[in-house]
2 protein chains.
Amino acid sequence: MVNKSLLKGTLSTLVLKQLADNGQMYGYEIIQKIKAATAHQLKVTEGALYPSLHKLEEQGLLTVERREVSGRTRKYYALSAKGKKASQEQQQQLQAFLNSVQTLLQPKTN
Amino acid sequence: MVNKSLLKGTLSTLVLKQLADNGQMYGYEIIQKIKAATAHQLKVTEGALYPSLHKLEEQGLLTVERREVSGRTRKYYALSAKGKKASQEQQQQLQAFLNSVQTLLQPKTN
DNA sequence: CAAGTATACCTAAGTTTATTAGGTATAAAA
DNA sequence: TTTTATACCTAATAAACTTAGGTATACTTG
């Protein structure tokens, strides 16, 4: 009943950041990486991730390459030039947002 | 064209926190407080805040009291007992979420 | 004094972005 | 052989915003 995902709006920024850090990645891998990096705190669902990837691709921020790996198809995504720029901008905005929220969450000094 | 609000999901938690810190507050005041506290970084719109307050009230987290002040009606909100508990829980969850996102935003150590 | 700005509340339509709940398919493990 | 992991996908629904209005009073300013 709790925790209806605080993720809204931040997912695409986090995806871009993963690709900025790791170069080529496929969807399933992104999900696992985020889960591992946050000690299973953040769990990106496939229903959120795949549409997000498709949108980023559509916006020209990602390039895609299909590859067969041990019998399965993977779609490797990477940042385009436009995507690199967007990634940096969105990281800065998200950081500013985090700072603001963090400020508001500070315990009140009575 | 930028910045389609990263606020999604966090607003009600921030509202509860404001009330936890300041006791009674009215809607317009909450908007100004958040704007001021974040150096105009976070701007809560009325279209977001008022429905949020109504929902929190509906959930029994807030109590309301109408008051006339210098010719205008204000609705003063305060945390109920249930609201105090919810406020603390939601703060903790939001903090955990911020920590996770912050971790993911850390510059990669190559 | 009139007009604009600030204060103070509200809602409805539309958009975005997630959740939930499916679906397909192969490979590895039990 | 059945389950779990890997790997992709989408459609219906829900939540939570933005945008763009509306009403009304008080204060400020040319």
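Order of the sequence lines fixes the chain letters, A, B, ..., with proteins taken first and strands second; residue numbering starts at 1 for each chain. Keep in mind that the numbers below use all heavy atoms, side chains included, and drop hydrogens, waters and symmetry copies.
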Look at A:Y28 and D:dC8 and indicate whether a side-chain polar atom (N or O) is within less than 4.0 Å of OP1 or OP2.
no

Between atom CG in B:L49 and atom P in C:dC9, what is the gap in whole Å?
9 Å

What's the CD1-P distance between B:I30 and C:dA8, to the nearest Å?
12 Å

Counting primed atoms plus P, OP1 and OP2 as sugar-phosphate and everything else as base, spell out the protein contacts along nucleotides 23-29 of chain C at 4.0 Å heavy-atom distance: B, S or - for each nucleotide, 5' to 3'.
---BS--

Report yes or no: do B:Q95 and A:Q102 form a side-chain donor-acceptor pair below 3.5 Å?
yes

Polar side-chain atom of A:T103 near backbone of A:N99 as donor-acceptor pair, under 3.5 Å
yes

When you match B:E29 and A:S52 each to their closest nucleotide on DNA chain C, which lands nearer the 5' end?
B:E29

Among A:Q91, A:K85, A:Q90, A:E89, side-chain hydrogen bond (donor to acceptor under 3.5 Å, both in side chains) partner for A:S87
A:Q91

What's the separation between atom OH in A:Y50 and atom CD1 in A:I30, rounded to the nearest 0.5 Å?
8.5 Å

Roughly, in whole Å, what's the span from CG in A:L11 to C1' in D:dA16?
16 Å

Between C:dT7 (P) and B:K33 (NZ): distance, integer Å:
14 Å

Checking contacts here: which listed nucleotide (D:dC9, C:dT19, C:dT16) is nearest the side-chain heavy atoms of A:K55?
C:dT16

Within the 3.5 Å criterion, strictly below it, is a donor on B:Q24 or B:R74 matched to an acceptor on the partner's side chain?
no

What does A:G47 touch in the nucleic acid at a heavy-atom separation under 4.0 angstrom: a base, only the sugar-phosphate, or nothing?
base

Separation of C:dA6 C1' from B:K43 NZ (nearest whole Å):
15 Å

OP1 or OP2 of C:dT11 less than 4.0 angstrom from a side-chain nitrogen or oxygen of B:H54, does that happen here?
yes

Between C1' of C:dA8 and OH of B:Y76, the distance in whole Å:
11 Å

Any idea which of D:dT6, D:dA7, C:dT19 is nearest the A:Q32 side chain?
D:dT6

Between C:dA8 atom C1' and B:E65 atom CD, what is the distance in whole Å?
16 Å

Can you identify which nucleotide, out of C:dC9, D:dT6, D:dC17, has its nearest atom closest to the B:K75 side chain?
C:dC9

Okay, side chain of B:S80, backbone of B:G60: is any donor-acceptor separation there less than 3.5 Å?
yes

Does the pair A:M25 and A:Y76 meet the rule for a side chain to side chain contact (heavy atoms under 4.5 Å, CB included), with working shown?
CA-CA 5 Å; A:M25 296 180 85; A:Y76 281 87; 5.7 Å; no

Phosphate-side-chain proximity, B:Y26 and C:dC9, N/O vs OP1/OP2 below 4.0 Å
no

Rounded to whole angstrom units, what separation is found between the CZ atom of B:R74 and the P atom of D:dA26?
12 Å

Taking only the side-chain nitrogens and oxygens of A:Y50, find out if one of them lies under 4.0 Å from OP1 or OP2 of D:dC8.
yes

